Amino acid sequence: MDLKGKTSVTFHSGILTIGGTVIEVRYEDARIFFDFGTEFRPELGLTEESLGTLLDNRLIPALSGVYDSRLSGAEDLAAPTEEVETAVFLSHAHLDHSKMINYLDPAIPLYTLKETKAILASLNRDEQFLLTNPFAPGIRDMIGLEAGSEVVVGKIHVTILPVDHDAYGAAALLIKTPDAFLTYTGDLRLHGYDRDLTEAFCEQAKHTDLLMMEGVSISFDDREEEADTETLPSEQALITRLVELVAANPQRQLTFNGYPANVKRFAAILSAAPRTVVLEANMAALLQEVLGLDAYYYYPTGATKISSLKPDLAIPYETLLADQEQYLWQVVDHFEALQPGGLYYHLDAEPLGDFDPAYQVFLDLLAKQDITFLRLACSGHAFPEDLDRIIAMIQPKTLVPIHTLKPEKLVNPYGERILPSRGDTIVL
């Protein structure tokens, strides 16, 4: 097929699944990719996640001239038949969008918002968050952009715009070529602290030729809520409920955990909780680096000290383990050391739910310790009715639902809808 002077979009992965979105936009001798994560398939029971293993299990797509050629498995990928300018963009820090960035060819530039760059650098401080490239330990170079920045790759112009999501620094992309205006939502919602960012993005994306839109919330049939779970309609509602529960449980050890990239939730807990909040040291450092906030913190036994944290804000781990009235503190491991009779709040932390085999193991551990488990949940993804509102705000000429198990449930009253299969290419 002759693609000269035409924009093409290839859906390498992220179709009929949640996570692992890798999409390529190409125009003549330039191409961009977004995102660069992996599919989440814990049922495979993989003992390692080398490039070759991920390719063999179709957790990542086979891409020519994109992965670090030194990695085992890369030698089996066909080299590009022609020289092409390439760049990769990350929408946010969640692993299903970012996990394999260290496997990217180091010569290819990687762009993201500066907030996401800071979050990934902090989370990967101990090289336990992202996949590690044995030829380039640490974290690969990223170009952190200001909101609204434009990047030009060949004749492809990409503008990065912040949106509301439960990962701070989340972004959407506006992509313009000589013959098309494309939009990628990344992950977004309307019920968090930054609804106005999503609305502003929708205004700039209005009448886009092709809208590639996440649809996580339409993936599941309505299920009866579990007895130990409360689903809240907004981030503010979650904080209000947490404050009520903390106040209602005096003389009891109170602990919690949440997903670290949701730094605004942690900041709200610090501000609103009726007890002194103490964070695990890595989370305290993340808040300091991203939001400039100082928090009380502790080091679990054997943890590495972080020089940027203020020594006078450190609380001894043993003090927290013995406390029943003064502190609400973040616990990330060694749950067996907690007091029997305590209460633990699970705030969208890992393990994330019953689709993860580790979730039931975690619940059983807490039950064995006689610790009450309560999950307070607030989705990072737009509710089904808000997905419809976003489509109405953008009014796309063509809609492509991605990052969902049931793309057919998203409709486009304003034009065409395409439901691609993995590997399909659309030529505009």
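Note that the structure is a prediction, hence the values are computed from the model and not measured. Side chains are part of it too, since the values below use all heavy atoms of this structure and drop only hydrogens, waters and symmetry mates.
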- Note on the structure: Across all chains, not counting sequence neighbours, the side chain to side chain contact (heavy atoms under 4.5 Å, CB included) partners of Ala237 are Leu232, Pro233, Ser234

- Query: Do we get Lys305 above Tyr299's six-membered ring, with its NZ or CZ under 6.0 Å from the centre and within 45° of the axis?
  - Reply: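 That pair qualifies as a cation-pi contact.
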
- Message: I'd like to know if Lys155 pairs up with Glu85 as an ion pair, taking the criterion as any Lys NZ or Arg NE/NH1/NH2 lying under 4.0 Å from an Asp or Glu carboxylate oxygen.
- Response: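 Judged by the 4.0 Å cut-off on N to carboxylate O distance, Lys155 and Glu85 do not form a salt bridge.
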
- Mark yes when over 12 heavy atoms from residues, nucleotides or ligands other than Arg70 sit less than 6.0 Å from its CZ; otherwise mark no.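 Yes, the 6.0 Å shell around CZ holds more than 12 heavy atoms from other groups.
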
- Task: Heavy atoms only: give me the nearest Arg241-Glu230 pair and the separation to one decimal.
- Result: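 Shortest heavy-atom contact: NE-OE1, 2.8 Å.
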
- Message: Do Asn124 and Gln128 pair up side chain to side chain, a donor and an acceptor below 3.5 Å, judged on atom types alone?
- Response: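 Side chains of Asn124 and Gln128: no pair found under 3.5 Å.
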
- Query: Under 3.5 Å, is there a donor-acceptor pair between the Glu280 and Asn282 side chains?
  - Reply: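 Note: Glu280 and Asn282 side chains meet the donor-acceptor criterion.
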
- Query: Checking side chain to side chain contact (heavy atoms under 4.5 Å, CB included) for the pair Phe181/His207: CA distance, chi angles, key distance, verdict?
  - Reply: CA-CA 9 Å; Phe181 173 26; His207 302 311; over 6 Å; no

- Distance-only polar pair, side chains of Asn262 and Asp348, donor-acceptor under 3.5 Å: no

- Please tell me if the side chains of His165 and Leu188 come closer than 4.5 Å, counting only heavy atoms from C-beta onward. no

- Query: With the threshold set at 4.0 Å, does a side-chain nitrogen-carboxylate oxygen contact exist between Asp194 and Lys264?
  - Reply: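 Salt bridge flag = yes for Lys264 with Asp194.
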
- Is the shortest heavy-atom distance from the side chain of Leu120 to the side chain of Phe129 under 4.5 Å?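 Answer yes - side chains close enough.
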
- Leu123 versus Ile119: any side-chain heavy-atom pair under 4.5 Å?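 They are in side-chain contact.
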
- Item | Test log, rule side chain to side chain contact (heavy atoms under 4.5 Å, CB included), inputs Leu279 and Phe256 | CA-CA 9 Å; Leu279 304 179; Phe256 77 100; 3.9 Å; yes

- Note on the structure: What one should report as the nearest heavy-atom pair of Val153 and Ala87 is CG2-CB, 3.7 Å

- Query: Residues in ring pair (Phe, Tyr, Trp, His ring centres under 6.0 Å) with Tyr345, at least two apart?
  - Reply: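 Checked Tyr345 against ring pair (Phe, Tyr, Trp, His ring centres under 6.0 Å); zero matches.
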
- Under 3.5 Å: donor-acceptor pair, side chain of Thr425, backbone of Thr10: no

- Task: Drop me the distance from His97's NE2 to Thr112's OG1, to the nearest 0.5 angstrom.
- Result: 11.5 Å

- Answer with yes or no after comparing the ring centroid distance for His191 and His381 against a 6.0 Å cut-off, counting only values under it. no

Counting only pairs under 3.5 Å, give me each side-chain donor-acceptor contact of residues 101-110, with atom names and distances, residues two or more places apart or in other chains.
unit_1, atom_1, unit_2, atom_2, d
Asn102, OD1, Arg140, N, 2.9
Asn102, ND2, Leu131, O, 2.8
Asn102, ND2, Gly138, O, 3.4
Tyr103, OH, Glu49, O, 2.7
Asp105, OD1, Ala107, N, 2.8

- Message: Taking ring pair (Phe, Tyr, Trp, His ring centres under 6.0 Å) as the definition, give me every residue that meets it alongside Phe11, ordered by chain and number, with sequence neighbours left out.
- Response: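 In terms of ring pair (Phe, Tyr, Trp, His ring centres under 6.0 Å), with neighbours along the sequence ignored, Phe11 is linked to no residue.
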
- With rounding to the nearest 0.5 Å, note down the distance linking CZ in Phe383 to CG in Leu387. 10.5 Å

- Task: Tell me yes or no: between the side chains of Thr404 and Ser219, is some donor less than 3.5 Å from an acceptor?
- Result: yes

- Can we say Arg265 and Glu235 salt-bridge, meaning some charged N sits less than 4.0 Å from an Asp/Glu carboxylate O?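 Glu235 and Arg265: salt-bridged.
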
- Task: Quick one: do Phe33 and Val25 satisfy side chain to side chain contact (heavy atoms under 4.5 Å, CB included)? Show the steps, please.
- Result: CA-CA 7 Å; Phe33 291 87; Val25 174; over 6 Å; no

- Task: State whether a side-chain donor-acceptor pair under 3.5 Å links Arg195 with Thr198.
- Result: no

- Query: Are any of the side-chain heavy atoms of Pro137 and Glu127 separated by less than 4.5 Å?
  - Reply: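 Touching, per the 4.5 Å side-chain cut-off.
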
- Query: In terms of side-chain heavy atoms, does Asn257 have a donor or acceptor partner in His346 at a distance below 3.5 Å?
  - Reply: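 On atom types as modelled, these side chains do not qualify, holding no pair under 3.5 Å.
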
- Message: To the nearest 0.5 Å, what is the distance between OG on Ser8 and OH on Tyr27?
- Response: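 Between atom OG of Ser8 and atom OH of Tyr27 there are 11.0 Å.
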
- Task: Dump the intermediate steps for side chain to side chain contact (heavy atoms under 4.5 Å, CB included) on His12 and Ile23, then the final yes or no.
- Result: CA-CA 6 Å; His12 292 288; Ile23 297 173; over 6 Å; no

- Message: Checking Asp179 against Thr7: is there a side-chain donor and acceptor pair closer than 3.5 Å?
- Response: yes

- With Ser122, which of Glu289, Gln288, Lys117 fulfils side-chain hydrogen bond (donor to acceptor under 3.5 Å, both in side chains)? Glu289

- Identify the two heavy atoms, one from Pro351 and one from Ala358, that lie closest to each other, and give their separation to 0.1 Å. CG-O, 3.8 Å

- Tell me, yes or no, whether the heavy-atom count around Lys310 atom NZ, taken from other residues, nucleotides or ligands under 6.0 Å, exceeds 12. no

- Task: Mind checking the CD1-CE spacing from Ile390 to Met213? Nearest 0.5 Å is all I need.
- Result: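 These two atoms lie 4.5 Å from each other.
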
- Query: Do Thr86 and Arg31 have a side chain donor and acceptor closer than 3.5 Å?
  - Reply: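 The answer is yes; a qualifying pair exists.
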
- Task: Keeping the roles fixed (side chain from Asp356, backbone from Leu352), state whether a donor-acceptor pair exists under 3.5 Å.
- Result: no

- Query: Near Lys406 NZ, under 6.0 Å, is it more than 12 heavy atoms from other residues, nucleotides or ligands?
  - Reply: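 Yes, because the 6.0 Å sphere around NZ of Lys406 holds more than 12 heavy atoms from other groups.
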
- Item | Rounded distance [0.5 Å steps], CD1 in Ile391 versus CG in Leu399 | 5.0 Å

- Are side-chain N/O atoms of Thr255 and Gln330 paired as donor and acceptor at under 3.5 Å? no

- Close side-chain approach of Phe266 to Leu293, heavy-atom, < 4.5 Å: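 A side-chain contact under 4.5 Å is absent here.
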
- For the student: nearest non-hydrogen atoms of Ala30 and Ile156, plus distance: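 Answer, listing the atom of Ala30 first, then Ile156: O-CD1, 3.6 Å.
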
- Under 6.0 Å between the ring centres of Phe362 and Tyr344?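 Under 6.0 Å, so yes.
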
- Phe89: partners by ring pair (Phe, Tyr, Trp, His ring centres under 6.0 Å), with sequence neighbours left out: Tyr111

- Val151 versus Thr159: any side-chain heavy-atom pair under 4.5 Å? no

- Query: If you measure from the Lys or Arg side-chain nitrogens to the Asp or Glu carboxylate oxygens, is any gap between Arg389 and Glu385 under 4.0 Å?
  - Reply: no

- Query: Taking atom types as modelled, is there a side-chain donor on Thr185 or Glu214 under 3.5 Å from an acceptor on the other?
  - Reply: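 Glu214 and Thr185 do not have a side-chain donor-acceptor pair below 3.5 Å.
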
- Query: Closest heavy-atom contact between Leu51 and Ser72?
  - Reply: CB-O, 3.7 Å

- Query: Would you say the side chain of Phe34 lies within less than 4.5 Å of the side chain of Ser91, judging by non-hydrogen atoms?
  - Reply: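 SC-SC contact between Ser91 and Phe34 ruled out.
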
- Atom CE in Met100, atom CG in Leu59: separation rounded to 0.5 Å? 10.0 Å

- Would you call Arg375 and Asp228 a salt bridge, using N to O less than 4.0 angstrom? no

- Item | Minimal non-hydrogen separation, Asp164 against Leu190, with atom names | OD2-C, 3.9 Å

- Task: For Tyr67, check ring pair (Phe, Tyr, Trp, His ring centres under 6.0 Å) against everything at least two apart and list the hits.
- Result: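 For Tyr67 the ring pair (Phe, Tyr, Trp, His ring centres under 6.0 Å) partners, ignoring immediate neighbours, are Phe36.
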
- Message: Is any side-chain heavy atom of Leu63 closer than 4.5 Å to one of Leu77?
- Response: no

